There are 2 protein chains.
Amino acid sequence: MNKQNVADADSGPKMKPRRLHPEERRQQIIDEAVAFFAEVGLDGKTRDLAKKIGITQSLLFKYFATKDALIEAVYEQVYLNRLSSEWTHRIVDRSVPLRDRILAFYSDYSTLIFEYNWMRIFMFSGLAGAELNRRYLDHMHQMILRPLLEEILVASPNTVTPTMEDLWNLHGGIVYIGIRQHIYRMPCPDDPNEAIERSVDRFLKAFSVATP
Amino acid sequence: MNKQNVADADSGPKMKPRRLHPEERRQQIIDEAVAFFAEVGLDGKTRDLAKKIGITQSLLFKYFATKDALIEAVYEQVYLNRLSSEWTHRIVDRSVPLRDRILAFYSDYSTLIFEYNWMRIFMFSGLAGAELNRRYLDHMHQMILRPLLEEILVASPNTVTPTMEDLWNLHGGIVYIGIRQHIYRMPCPDDPNEAIERSVDRFLKAFSVATP
DNA sequence: AATACTGTTGATCACATGATCAATAAACCG
DNA sequence: CGGTTTATTGATCATGTGATCAACAGTATT
């Protein structure tokens, strides 16, 4: 892959290969851009990004026609495969106890979204009104929360049943952990799974779904 | 484009005078700046703001030495008195049933924060790392959630008691309604009080605190 | 080694942006 | 009215910013 990354006749400690293959360079730019825009926002300046990468600003425009195109690539990288349809299948798999399904989902999902870059870029793009956000949240609604509501309705024995709004409330309470951590930079529990578990159990208990 | 010039000989209805008293003008600028920065973010350009107000960009700098000073004034206007200490008193007033106290608080609080300008400026400033945000959230912790936790502990008869993290979860689930509405611009219930009530009742039920 | 190819640079353009200041005109006052 | 004050403007400065391009230098090919 990298031919002369470290083993170079160098006079300095860090000697990056001056010249990369386009695919490599492009990916490098995207990766760095994700971290960069996550930190400073989508109004971050191309010169600052280039400086951080260690290339010239003009090189950015050899790989992306405009800054918007670069941001699109950032979106793509960050949003891609963030919502797998496999989750839907596991949520409706009634061979597994409902509580386990919910906990399994939020355990996976939280490790995926409680991440600095994702959390912040999602918030920045949301504030900017990006269509991608509504698409994502609609996806969340259709692929996760709606099936989940159906499962709870089936599993709930009594007449007190949750609404979709209740599910958004459950979801929001959990997501808010990540917001506190990465947007507001507040001290948060190292392992959010405990809080998630308690939250889910309170929710299920309210509708008399079996919890241990 | 100039809609305000024509008025001074005209004694008709309240036409904005071209020339305002400094206090008035200053307040007008702040008010418009709040709405403006809430919409486009703190990187909004002074020329766009001036155009929206209907004044010249240079006039802004007669009232605020720098753009940062203007943003500070925006913060002040938006954050000021957002957390009243009166709420603490009402939360610990044990002559009122606990459930009523909680619902009363979140009913008031939600009408205060489920507002476009507040929600978005809070999020923008949070992303920008403003110290004000952490101060505000610390205030929320000390003045609201901590007393509230104490009240619930007292009122809860059994050994299953909430933690502070549980309270943040309750809080986050409610706040998330406003985030969905104003940050992500998703369709939300017209009256959030119903969802709030259900959320609070689920919470209290989990700790066997009396609910109707 | 010589040559062609192309990833990369440094200079530069055109315009945007925060900030400044002398000139202007609306309000105030005698 | 006439004169003073000052809120407001229009022009302007210095720098920032996205984008462009000819020239350069590392790599591969012959």
Side-chain angles (χ1 to χ4, degrees), chain A residues 1-12 14-33 36-37 40-74 128, chain B residues 1-12 14-33 36-37 40-74 128:
Chain A
M1 303 186 178
N2 284 344
K3 297 139 207 167
Q4 29 178 313
N5 205 348
V6 236
D8 207 344
D10 51 352
S11 49
K14 62 156 191 166
M15 199 70 179
K16 278 188 178 177
R18 258 177 68 79
R19 187 187 172 114
L20 291 187
H21 285 179
E23 302 304 322
E24 269 181 276
R25 181 67 84 191
R26 185 187 160 86
Q27 193 54 50
Q28 179 199 29
I29 291 176
I30 294 178
D31 290 340
E32 299 264 24
F36 174 74
F37 287 124
V40 307
L42 303 175
D43 289 312
K45 312 305 177 186
T46 56
R47 277 174 177 79
D48 294 333
L49 170 59
K51 192 173 180 180
K52 172 181 168 167
I53 302 179
I55 60 177
T56 28
Q57 179 241 10
S58 61
L59 188 58
L60 292 176
F61 291 89
K62 286 287 188 291
Y63 289 88
F64 302 93
T66 68
K67 184 188 171 186
D68 278 344
L70 172 57
I71 290 178
E72 278 304 312
V74 166
Chain B
M1 288 303 189
N2 287 341
K3 51 192 171 179
Q4 50 198 50
N5 253 0
V6 214
D8 70 317
D10 189 2
S11 59
K14 312 296 177 213
M15 202 83 169
K16 271 186 188 175
R18 220 174 99 72
R19 186 187 169 115
L20 292 187
H21 285 180
E23 283 76 14
E24 267 181 279
R25 182 67 86 191
R26 184 186 160 88
Q27 193 55 50
Q28 179 199 28
I29 292 175
I30 294 178
D31 289 340
E32 299 265 23
F36 174 74
F37 288 124
V40 306
L42 302 175
D43 289 311
K45 312 304 176 188
T46 56
R47 278 175 176 79
D48 294 334
L49 171 59
K51 191 173 180 180
K52 173 182 167 166
I53 302 179
I55 59 178
T56 27
Q57 178 242 9
S58 61
L59 189 58
L60 291 175
F61 291 91
K62 286 286 187 294
Y63 289 87
F64 302 93
T66 68
K67 184 187 171 186
D68 278 344
L70 173 57
I71 289 179
E72 277 303 311
V74 166

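All values derive from a computational prediction rather than experimental measurement. Below, chains carry the letters A, B, ... as their sequence lines are ordered, and counting in each starts from 1.
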Using heavy atoms to find the nearest nucleotide of DNA chain C for A:L59 and B:A65 separately, return the residue whose nucleotide is more 5′. A:L59
In this structure, how many angstroms lie between the [atom2] atom of [N] and the [atom1] atom of [X], rounded?
X	N	atom1	atom2	value
B:D68	C:dT17	CG	P	16 Å
A:L60	D:dC21	CG	C1'	16 Å
A:E24	C:dT8	CD	C1'	15 Å
B:K62	C:dA22	NZ	P	10 Å
A:L70	D:dA19	CG	C1'	13 Å
B:I53	D:dT8	CD1	C1'	13 Å
B:L49	C:dG18	CG	C1'	13 Å
B:I71	C:dG18	CD1	C1'	12 Å

Hey, what are the protein-to-nucleotides 14-18 of chain D N/O distances that come in under 3.5 Å?
unit_1 : atom_1 : unit_2 : atom_2 : d
D:dG18 : OP1    : A:K67  : NZ     : 3.3
D:dG18 : OP2    : A:T46  : N      : 3.0
D:dG18 : OP2    : A:T46  : OG1    : 2.8
D:dG18 : N7     : A:R47  : NH1    : 2.9
D:dG18 : N7     : A:Q57  : NE2    : 3.4
D:dG18 : O6     : A:R47  : NH2    : 3.0

Would you mind telling me which of C:dC21, C:dA26, D:dT20 lies closest to the side-chain atoms of B:S58? C:dC21
Gap separating the [atom1] atom of [X] from the [atom2] atom of [Y], nearest 0.5 angstrom:
X	Y	atom1	atom2	value
A:I53	A:I30	CD1	CD1	10.0 Å
B:I55	B:Y63	CD1	OH	8.0 Å
B:K62	B:T56	NZ	OG1	9.0 Å
A:R47	A:L49	CZ	CG	12.0 Å
A:K51	A:Q57	NZ	CD	13.0 Å

Under 4.0 Å between any heavy atoms, over every strand shown, what does A:Y63 touch: base, sugar-phosphate, or nothing? Just pick one. sugar-phosphate
Backbone N/O of A:G44 and side chain of A:K67: donor-acceptor pair under 3.5 Å: yes
D:dA25, OP1 or OP2 - any side-chain N/O from A:R18 closer than 4.0 Å? no
Looking at B:H21, does any N or O in its side chain come under 4.0 Å of the phosphate oxygens OP1/OP2 on C:dC28? yes
Any N or O donor-acceptor pair under 3.5 Å from the base of D:dT6 to the side chain of B:R19? yes
Quick check: closest heavy atoms across B:L60 and B:I29, and the distance to 0.1 Å? CD2-CG2, 3.7 Å
